[in-house]
Peer 1: 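My questions all concern the structure below.
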Amino acid sequence: MISAQKIARQSLYLLLAVLICAVALFMLPLVVKKEPLKVACFGANPFGGSKFPAGTAADIFARSHPDIPTEYINISDIDEYEEWLSAAILKGEMPDVFMLSSSAYGRLWNKGAFLDLSSDVNRLYAQGLFAHTLERSGYGGYVFAVPIAANFSMMAADNEILRTGSFGDIPPSWTWSDFQLMCRSVKYANQEDSYLFPTYGYTWEDAVYSNAGRIFDDTGANNYLNTREVINAVNYLYRLSADQDIDSATFTDVQNGLVAFSKFMATDYLNSELSEQNFTELTMPAGPQGGNISRLEYVYVCISAHSGKKKEAKDFIETLLCAQFQAELINSGYAMPVVRLDTELIRTDKAKVLYALSESIIPNAFILHRFKNDDYYYHIIDKKISEIFSNGTVISSAMSKLHVEIAELIPNR
């Protein structure tokens with residue numbers, strides 16, 4: 001027979017075992033490692049400036065959200081990054097939150113992989129985003145991505161040439177007529193021992209946007225080369241080229257103070273060695289159908305539609321829109337900010353001048369939506385327009401013909 005003492009001892013052992021199991025089950029949630037928020041970004045700059053300040057974003061987020069473990073996937077090369085992201089989408093292994101170039105956004109927005117953020121618009125605008133940013137950068141009325149960095153076209157006028165030409169102050173609302181008149185004055189003031197160029201970098205495409213035109217729709221399915229806005233813009237550049245070979249001036253000429261008006265993308269101007277003290281920074285001259293409208297391109301951030309950490313991902317987006325990080329974008333030379341900032345956060349006078357310009361440019365700019373192989377189609381159009389100028393063809397009929405050629409070239413989307 002089993003003694004009472006032995007039974008009691010076995011019962012105690014059993015009770016202890018039950019207690020140990022209960023404690024282990026209670027502690028299990030505390031020792032299981034919390035899944036991190038996965039964040040993907042590319043280091044290279046699609047605008048040609050400095051690398052993306054991913055470390056700054058990580059530091060700010062870690063300080064403001066110490067309870068959220070985060071795993072960062074940083075791939076330097078943009079093409080390599082986009083190949084990796086496309087493969088991750090196909091495999092269903094997307095990161096929770098990730099950066100996109102405008103090209104990638106244009107290719108991937110309709111794949112069902114991005115979380116629709118349309119219901120978060122008010123919350124995002126509360127971060128200080130410039131007006132109309134979200135609605136105009138989306139597709140089909142939806143907001144699948146949030147702009148976090150910007151680059152826009154602008155004009156830099158040489159102050160010495162403006163002074164010697166007695167042009168006076170150029171108004172913010174200057175027009176094509178003002179621009180052409182001043183370019184002609186520069187040309188006619190040239191002498192045998194000195195030569196000044198009226199313009200550098202200004203193209204028919206710039207004229208299209210400032211004339212309230214567009215070249216393609218958001219998806220690239222349709223082109224508008226036969227519209228009045230585009231034809232007028234091409235005509236305008238043809239007249240401008242009669243005063244100067246548009247492609248003759250070089251950046252070296254700009255550096256040497258030989259160019260009156262130079263078109264730059266803001267990031268290029270910011271990172272150049274040109275001194276803001278030698279130039280007046282301007283919006284683009286307005287066409288008769290448009291206004292002082294610049295071309296604008298963004299870098300975006302998205303959230304995976306399948307993410308289990310949507311709240312944390314939205315918190316990370318707010319970090320990218322915070323004043324400290326947005327100031328770092330312009331201070332580092334990466335890009336222009338997309339939110340309104342206290343200028344005390346901006347370090348250099350040149351950056352402050354560009355930021356002040358951005359406040360008037362970004363809310364009214366034409367946001368460029370990219371699509372597959374768009375660079376190839378733009379190259380063809382550029383070449384054809386150059387031929388039109390050289391051949392002296394009637395521009396309206398030539399552009400109507402080009403409209404048909406490009407429509408036949410681009411596959412249905």
Side-chain angles (χ1 to χ4, degrees), residues 152-190 195-215 227-251 253-255 257-266 268-269 272 274 276 278-296 353-354 356-358 360-362 364-366 382 385-386 388-389 395 399:
F152 53 77
S153 57
M154 52 161 284
M155 197 76 81
D158 188 285
N159 288 334
E160 180 62 21
I161 297 177
L162 293 181
R163 185 185 65 79
T164 57
S166 300
F167 294 138
D169 293 334
I170 300 175
S173 56
W174 68 316
T175 66
W176 281 0
S177 297
D178 299 326
F179 183 35
Q180 187 172 13
L181 181 62
M182 287 184 282
C183 285
R184 284 177 177 168
S185 297
V186 170
K187 175 191 174 184
Y188 295 142
N190 280 322
Y195 188 87
L196 299 177
F197 298 93
T199 67
Y200 163 79
Y202 187 74
T203 70
W204 66 272
E205 189 178 345
D206 296 315
V208 167
Y209 300 139
S210 64
N211 199 38
R214 61 187 307 163
I215 302 161
T227 60
R228 180 181 65 169
E229 292 80 6
V230 174
I231 292 172
N232 286 352
V234 175
N235 262 309
Y236 175 69
L237 200 76
Y238 179 74
R239 296 195 303 273
L240 206 61
S241 65
D243 297 325
Q244 171 210 330
D245 180 355
I246 291 294
D247 298 323
S248 59
T250 65
F251 180 66
D253 294 321
V254 179
Q255 291 176 305
L258 300 177
V259 181
F261 298 96
S262 301
K263 194 289 294 284
F264 285 101
M265 296 305 291
D268 293 334
Y269 184 73
S272 74
L274 300 175
E276 76 284 355
N278 297 332
F279 294 89
T280 297
E281 294 77 10
L282 300 163
T283 58
M284 302 300 285
Q289 275 82 50
N292 301 102
I293 303 170
S294 293
R295 163 192 159 181
L296 172 65
V353 167
L354 282 176
L357 189 64
S358 74
S360 60
I361 284 181
I362 290 180
N364 302 307
F366 175 84
D382 278 335
I385 289 177
S386 295
I388 291 170
F389 288 177
I395 289 176
M399 293 302 293

Peer 1: Look up atom CD1 in Ile388 and atom CD1 in Ile395, then write down how far apart they are to the nearest 0.5 Å.
Peer 2: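 Going from the CD1 atom of Ile388 to the CD1 atom of Ile395 covers 7.0 Å.
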Peer 1: Has Asn232 got a side-chain atom pairing as donor or acceptor with Glu229's backbone, closer than 3.5 angstrom?
Peer 2: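 Checked: no pair found.
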Peer 1: With heavy-atom distances below 4.5 Å as the criterion, would you say the side chains of Phe251 and Val259 are in contact?
Peer 2: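 No - every pair of side-chain heavy atoms lies 4.5 Å or more apart.
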Peer 1: How long is the straight-line distance from CD of Glu281 back to CG of Leu274, given to the nearest 0.5 Å?
Peer 2: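 Between atom CG of Leu274 and atom CD of Glu281 there are 9.5 Å.
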Peer 1: Yes or no on side chain to side chain contact (heavy atoms under 4.5 Å, CB included) for Met284 and Ile361, after CA distance, side-chain angles and deciding distance?
Peer 2: CA-CA 9 Å; Met284 302 300 285; Ile361 284 181; over 6 Å; no
Peer 1: Is it true that the side chains of Gln289 and Asn211 contain a donor and an acceptor less than 3.5 Å apart?
Peer 2: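 Yes.
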Peer 1: Apply side chain to side chain contact (heavy atoms under 4.5 Å, CB included) to the pair Ile170 and Met182, showing each step before the final yes or no.
Peer 2: CA-CA 10 Å; Ile170 300 175; Met182 287 184 282; 4.0 Å; yes
Peer 1: Do the ring planes of Phe179 and Phe261 sit parallel (below 30°), tilted (30 to 60°) or perpendicular (above 60°)?
Peer 2: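 Geometry flag for Phe261 against Phe179: perpendicular rings.
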Peer 1: Tell me, which pairs form a salt bridge (Lys or Arg N to Asp or Glu O under 4.0 Å) where one or both residues lie in residues 161-172, sequence neighbours left out?
Peer 2: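 Only Glu160-Arg163 qualify under salt bridge (Lys or Arg N to Asp or Glu O under 4.0 Å).
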Peer 1: Could you measure the distance from the CG atom of Asp382 to the OG1 atom of Thr203? Nearest 0.5 Å is fine.
Peer 2: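 Reported value, rounded in 0.5 Å steps: 7.0 Å.
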Peer 1: Counting C-beta onward and ignoring hydrogens, is there a side-chain heavy-atom pair between Thr199 and Cys183 closer than 4.5 Å?
Peer 2: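 They are in side-chain contact.
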Peer 1: Can you check whether Thr280's main-chain N or O pairs, donor with acceptor, with Asn159's side chain at less than 3.5 Å?
Peer 2: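 Yes: the side chain of Asn159 pairs with the backbone of Thr280.
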Peer 1: Between the side chain of Ser294 and the main-chain N/O of Ala365, is any donor-acceptor distance below 3.5 Å?
Peer 2: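 Pair absent, no side-chain N/O of Ser294 close to backbone of Ala365.
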Peer 1: Please give me the minimum heavy-atom distance between Ala157 and Leu282, naming the atom from each residue.
Peer 2: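 Smallest interatomic distance, heavy atoms only, reads CB-CD1, 3.9 Å.
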Peer 1: Taking the side chain as C-beta and beyond, is there a heavy-atom pair between Phe167 and Val186 under 4.5 Å?
Peer 2: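 Phe167 reaches Val186 side chain to side chain.
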Peer 1: On the 0 to 90° scale, with breaks at 30° and 60°, tag the Tyr236-Trp176 ring pair as parallel, tilted or perpendicular.
Peer 2: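 The rings of Tyr236 and Trp176 lie parallel, inter-plane angle below 30°.
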Peer 1: So, does Asp158 use its side chain to make a donor-acceptor pair with the main chain of Phe279 at under 3.5 Å?
Peer 2: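 Not a single qualifying donor-acceptor pair exists.
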Peer 1: Nearest heavy-atom pair of Pro198 and Ala260: which atoms, and what distance?
Peer 2: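 That closest heavy-atom pairing would be O-CB, 3.4 Å.
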Peer 1: Begin from the C-alpha positions of Phe197 and Thr250 and carry the test side chain to side chain contact (heavy atoms under 4.5 Å, CB included) through to its verdict.
Peer 2: CA-CA 9 Å; Phe197 298 93; Thr250 65; over 6 Å; no
Peer 1: Which pair of heavy atoms, one from Leu357 and one from Thr283, lies closest together, and at what distance?
Peer 2: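 Looking at all heavy atoms of both residues, the closest pair is CD1-N, 3.9 Å.
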Peer 1: I'd like to know whether Leu354 forms a side chain to side chain contact (heavy atoms under 4.5 Å, CB included) with Met154, so could you lay out the CA-CA distance, the side-chain angles of the two residues, the decisive distance to 0.1 Å, and finally the verdict.
Peer 2: CA-CA 9 Å; Leu354 282 176; Met154 52 161 284; 3.4 Å; yes
Peer 1: Could you give the distance from OG1 (Thr227) to CZ (Arg214), rounded to the nearest 0.5 Å?
Peer 2: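 CZ of Arg214 is found 10.5 Å from OG1 of Thr227.
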Peer 1: Would you name the heavy atoms of Lys263 and Met155 that are closest together and state the gap between them?
Peer 2: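 Smallest heavy-atom distance, with atoms named: N-SD, 3.7 Å.
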Peer 1: Out of curiosity, Trp174 CH2 to Ser210 OG, how far, rounded to the nearest 0.5 Å?
Peer 2: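 Spacing of CH2 (Trp174) from OG (Ser210) equals 9.5 Å.
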Peer 1: Starting at CZ of Phe264, measure out to CZ of Phe152 and round the result to the nearest 0.5 Å.
Peer 2: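 Between Phe264 CZ and Phe152 CZ, I get 13.5 Å after rounding to 0.5 Å.
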Peer 1: Kindly indicate whether the side chain of Leu296, heavy atoms from C-beta on, has any atom under 4.5 Å from the side chain of Ile362.
Peer 2: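 Answer yes - side chains close enough.
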